[in-house]
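The block underneath contains the structure these notes are about, expressed in structure tokens.
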Amino acid sequence: MVCGKKYWIIPDCELPPEGEGELKGHESVIIVNDSPHTAHIKVKLFFPDRDCYEGITWTVEAGRVKCFRMNNESDMCGYVVEKETQYAMKLESDTKIVVQYGRLDNRQTNLAYYTTLGY
């Protein structure tokens, strides 16, 4: 049995600034592909004050895990995510995947990192 779903929503995205300390603030989406097929994933971004953005595609090979960073333009297919801007993300895959979202926010000296599964 292959684990996961083909459709995922991550409602609480916001790329933080780099902040203080050695580790730099960032967001990431970690995808596990438990299937025997390569996953081709379409990414759609939702904003509170403008139209959605589509045009980001990701690939995760069969039986692999891959991390995509929102502050890495190549991971975002050239799209620049604005720091400190609220948005949400929808992932649509052609095979079942498992999605985890993480944010490292260290705008102050106390390190804040959290992860959550998408819906």
Side-chain angles (χ1 to χ4, degrees):
M1 181 177 90
V2 174
C3 296
K5 302 184 305 183
K6 291 185 175 185
Y7 301 95
W8 292 84
I9 293 282
I10 303 167
D12 181 26
C13 301
E14 181 186 327
L15 181 61
E18 289 188 353
E20 302 174 7
E22 190 173 325
L23 297 174
K24 301 303 178 195
H26 69 274
E27 288 180 292
S28 58
V29 172
I30 301 91
I31 298 175
V32 178
N33 181 1
D34 180 44
S35 83
H37 308 286
T38 298
H40 302 94
I41 304 150
K42 294 187 234 174
V43 180
K44 182 177 185 178
L45 305 181
F46 297 84
F47 301 95
D49 57 355
R50 60 182 179 264
D51 292 340
C52 298
Y53 178 80
E54 299 181 72
I56 301 165
T57 57
W58 294 338
T59 302
V60 180
E61 298 298 322
R64 301 278 191 239
V65 62
K66 191 167 182 182
C67 178
F68 298 92
R69 298 266 301 253
M70 281 58 275
N71 62 329
N72 183 336
E73 283 185 50
S74 64
D75 283 352
M76 298 302 286
C77 298
Y79 184 80
V80 176
V81 175
E82 297 175 42
K83 290 180 174 60
E84 301 181 278
T85 298
Q86 179 189 13
Y87 69 101
M89 185 181 297
K90 178 183 180 184
L91 307 180
E92 182 178 337
S93 177
D94 61 354
T95 191
K96 290 182 178 180
I97 56 174
V98 175
V99 175
Q100 179 180 337
Y101 168 83
R103 181 186 302 149
L104 171 60
D105 189 343
N106 60 353
R107 289 176 239 210
Q108 58 182 356
T109 54
N110 296 327
L111 180 68
Y113 182 74
Y114 77 88
T115 64
T116 186
L117 288 174
Y119 170 77

Go through the structure and list residues passing side chain to side chain donor-acceptor pair (under 3.5 Å) with [X], not counting sequence neighbours.
X: His37; result: none
X: Tyr101; result: Glu27, Arg103
X: Gln100; result: Thr115
X: Asp34; result: none

Inset, instruction - Grab the two heavy atoms, one from Ile56 and one from Leu45, that are nearest each other, plus how far apart they are. - result: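 Closest pair (atom of Ile56, atom of Leu45, distance): CD1-CD1, 4.0 Å.
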
Inset, instruction - Mind listing the closest non-hydrogen atom pair of Thr95 and Ser93 along with its distance? - result: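 In terms of heavy atoms, the two residues are closest at O-OG, 2.6 Å.
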
Would you give the length of the straight line joining atom [atom1] of [X] to atom [atom2] of [Y], rounded to the nearest 0.5 angstrom?
X: Glu92; Y: Ile9; atom1: CD; atom2: CD1; value: 10.0 Å
X: Tyr87; Y: Cys52; atom1: OH; atom2: SG; value: 13.5 Å
X: Ile31; Y: Ile97; atom1: CD1; atom2: CD1; value: 4.5 Å
X: Lys96; Y: Lys5; atom1: NZ; atom2: NZ; value: 11.0 Å
X: His26; Y: Asp105; atom1: NE2; atom2: CG; value: 11.0 Å

Legend entry - Pairs where residues 3-25 contributes a residue and the test ring-ring contact (aromatic ring centres under 6.0 Å, His included) is met, not counting sequence neighbours: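 Output for this query is empty, none listed.
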
Distance-only check: which donor-acceptor pairs under 3.5 Å involve side-chain atoms of residues 65-80, not counting sequence neighbours?
residue, atom, partner, partner atom, Å
Arg69, NE, Asn71, OD1, 3.3
Asn72, OD1, Ser74, N, 3.0
Asn72, OD1, Ser74, OG, 2.7
Asp75, OD2, Arg69, N, 2.8

Inset, instruction - Output, in order, the C-alpha distance, side-chain angles, deciding distance and verdict of side chain to side chain contact (heavy atoms under 4.5 Å, CB included) for Val29 and Leu91. - result: CA-CA 10 Å; Val29 172; Leu91 307 180; 4.0 Å; yes

Inset, instruction - May I have all residue pairs that pass salt bridge (charged side-chain N to carboxylate O under 4.0 Å, His left out) and include part of residues 43-53, sequence neighbours excluded? - result: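 Matches after skipping sequence neighbours: Arg50-Glu82.
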
Inset, instruction - Apply salt bridge (Lys or Arg N to Asp or Glu O under 4.0 Å) to Glu14 and list each qualifying residue two or more places apart in sequence or on a separate chain. - result: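 So Glu14 forms a salt bridge (Lys or Arg N to Asp or Glu O under 4.0 Å) with Arg107.
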
Inset, instruction - For residues 52-65, pull every pair meeting side chain to side chain donor-acceptor pair (under 3.5 Å), keeping only residues two or more places apart or in separate chains. - result: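 Sorted result for residues 52-65: Thr38-Glu61.
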
Legend entry - Heavy atoms from other residues, nucleotides or ligands near NZ of Lys24 exceed 12 (cutoff 6.0 Å):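 For Lys24, atom NZ is crowded (more than 12 foreign heavy atoms under 6.0 Å).
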
Legend entry - In one Ile/Leu/Val/Met/Phe/Trp/Tyr side-chain cluster, 4.5 Å: Val99, Val2: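 No, Val99 does not connect to Val2 through the hydrophobic network.
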
Legend entry - Close side-chain approach of Ser28 to Leu104, heavy-atom, < 4.5 Å: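 The answer is no, as the side chains (C-beta and beyond) never meet within the 4.5 Å cut-off.
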
